[in-house]
Q: 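Have a look at this one before I ask anything.
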Amino acid sequence: MDIIDVIWLGVTILAAIVEAAVPALVSIWFVPGGLLALVASLAGGSLALQVALFFLGSAAALALTRPLARRLQRPGPTSTNADRVIGATAVVTEAVDNLQGAGRVSVMGNSWAARSERAGETIPTGETVTVVRIEGVKLIVARP
């Protein structure tokens, strides 16, 4: 085994180790390129051919797998289970008044700050409402 064979083997192993150690995809694409260059070296190919195969193999692996890797790494919406209250019936525990920025409702055993869906509407304590949506940490409610 020549020194160049050892170098290509080292590049391939190093790329695989770095990929295993780092949580993001950073070096996996160099593994196929290193393997191609190693095979060319073992077969007696010129250094120029080995380098060309390394870059072409790495570029091809990147081109073929990068779209899939990006799709897998794209963060999706994180469910917090707070959306379970949308559409639920709530009881007003503190009068809902958008002008004063006040109001609380109890829904599914939890107390939430609430605002009315209609701008000038006041909803008195004890009334039942329906949760329309969540805005920040407030429930937007409406009379049924």
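When a residue number appears, it is its place in the shown sequence, counting from 1.
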Q: Write down the atom of Val137, the atom of Trp112, and the distance for their closest heavy-atom approach.
A: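 So the two residues come closest at O-CE3, 3.7 Å.
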Q: Hey, any chance Ile3 and Leu9 share a hydrophobic cluster, counting ILVMFWY side chains that come within less than 4.5 Å of each other, even indirectly?
A: yes
Q: Between Trp8 and Leu56, is there shared hydrophobic-cluster membership here, with clusters defined by ILVMFWY side-chain heavy atoms closer than 4.5 Å?
A: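 Different clusters: Trp8 never reaches Leu56 through Ile, Leu, Val, Met, Phe, Trp or Tyr contacts under 4.5 Å.
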Q: If you look at every heavy atom in Thr128 and Pro144, which pair is closest and at what distance?
A: O-CD, 3.4 Å
Q: State, to 0.1 Å, how close Ser106 and Thr93 come at their nearest heavy-atom pair, and which atoms those are.
A: CB-CG2, 3.8 Å
Q: Are the side chains of Leu47 and Gln50 in contact, using a 4.5 Å heavy-atom criterion?
A: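 The answer is yes; the side chains approach within 4.5 Å.
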Q: Keeping Arg133 on the side-chain end and Ile86 on the backbone end, is there a donor-acceptor pair under 3.5 Å?
A: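 The answer is no, because no donor-acceptor pair under 3.5 Å joins these two groups.
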Q: Check this for me, if you would: do Glu121 and Arg143 make a salt bridge, where the nitrogen-to-carboxylate-oxygen distance has to be below 4.0 angstrom?
A: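 Between Arg143 and Glu121 there is a salt bridge, with a charged N closer than 4.0 Å to a carboxylate O.
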Q: What heavy-atom pair brings Glu94 and Ala102 nearest, and what distance separates the two atoms?
A: OE2-CB, 3.6 Å
Q: Compare every heavy atom of Val105 with every heavy atom of Ala114, then report the nearest pair and how far apart it is.
A: CB-CG1, 3.7 Å
Q: Could you state the interatomic distance from OG1 (Thr12) to CD1 (Ile17), rounded to the nearest 0.5 Å?
A: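 So the gap between those two atoms works out to 11.0 Å.
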Q: Could you list the residues that satisfy side chain to side chain donor-acceptor pair (under 3.5 Å) with Ser111, not counting sequence neighbours?
A: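 In terms of side chain to side chain donor-acceptor pair (under 3.5 Å), with neighbours along the sequence ignored, Ser111 is linked to Arg104.
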Q: From Ile140 CD1 over to Asn98 CG, what is the distance, rounded to the nearest 0.5 angstrom?
A: 7.5 Å
Q: Looking only at heavy atoms, what is the nearest atom pair of Arg84 and Met108, with distance?
A: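 In terms of heavy atoms, the two residues are closest at O-CE, 3.9 Å.
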Q: Return all side-chain donor-acceptor pairs below 3.5 angstrom for residues 35-44, not counting sequence neighbours, or 'none' if the list is empty.
A:
{"from": "Ser41", "atom 1": "OG", "to": "Asp5", "atom 2": "OD1", "distance (Å)": "2.0"}

Q: Report yes or no: do Val18 and Ile7 belong to one cluster of Ile/Leu/Val/Met/Phe/Trp/Tyr joined by side chain heavy-atom distances under 4.5 Å?
A: no
Q: Could you pull out all donor-acceptor pairs under 3.5 Å where a side-chain atom in residues 25-34 meets a protein atom, sequence neighbours excluded?
A:
{"from": "Ser27", "atom 1": "OG", "to": "Ala15", "atom 2": "O", "distance (Å)": "2.7"}
{"from": "Ser27", "atom 1": "OG", "to": "Glu19", "atom 2": "N", "distance (Å)": "3.3"}
{"from": "Trp29", "atom 1": "NE1", "to": "Thr65", "atom 2": "OG1", "distance (Å)": "2.5"}

Q: Does Leu49 belong to the same Ile/Leu/Val/Met/Phe/Trp/Tyr cluster as Val11, with side-chain heavy atoms less than 4.5 Å apart forming each link?
A: no
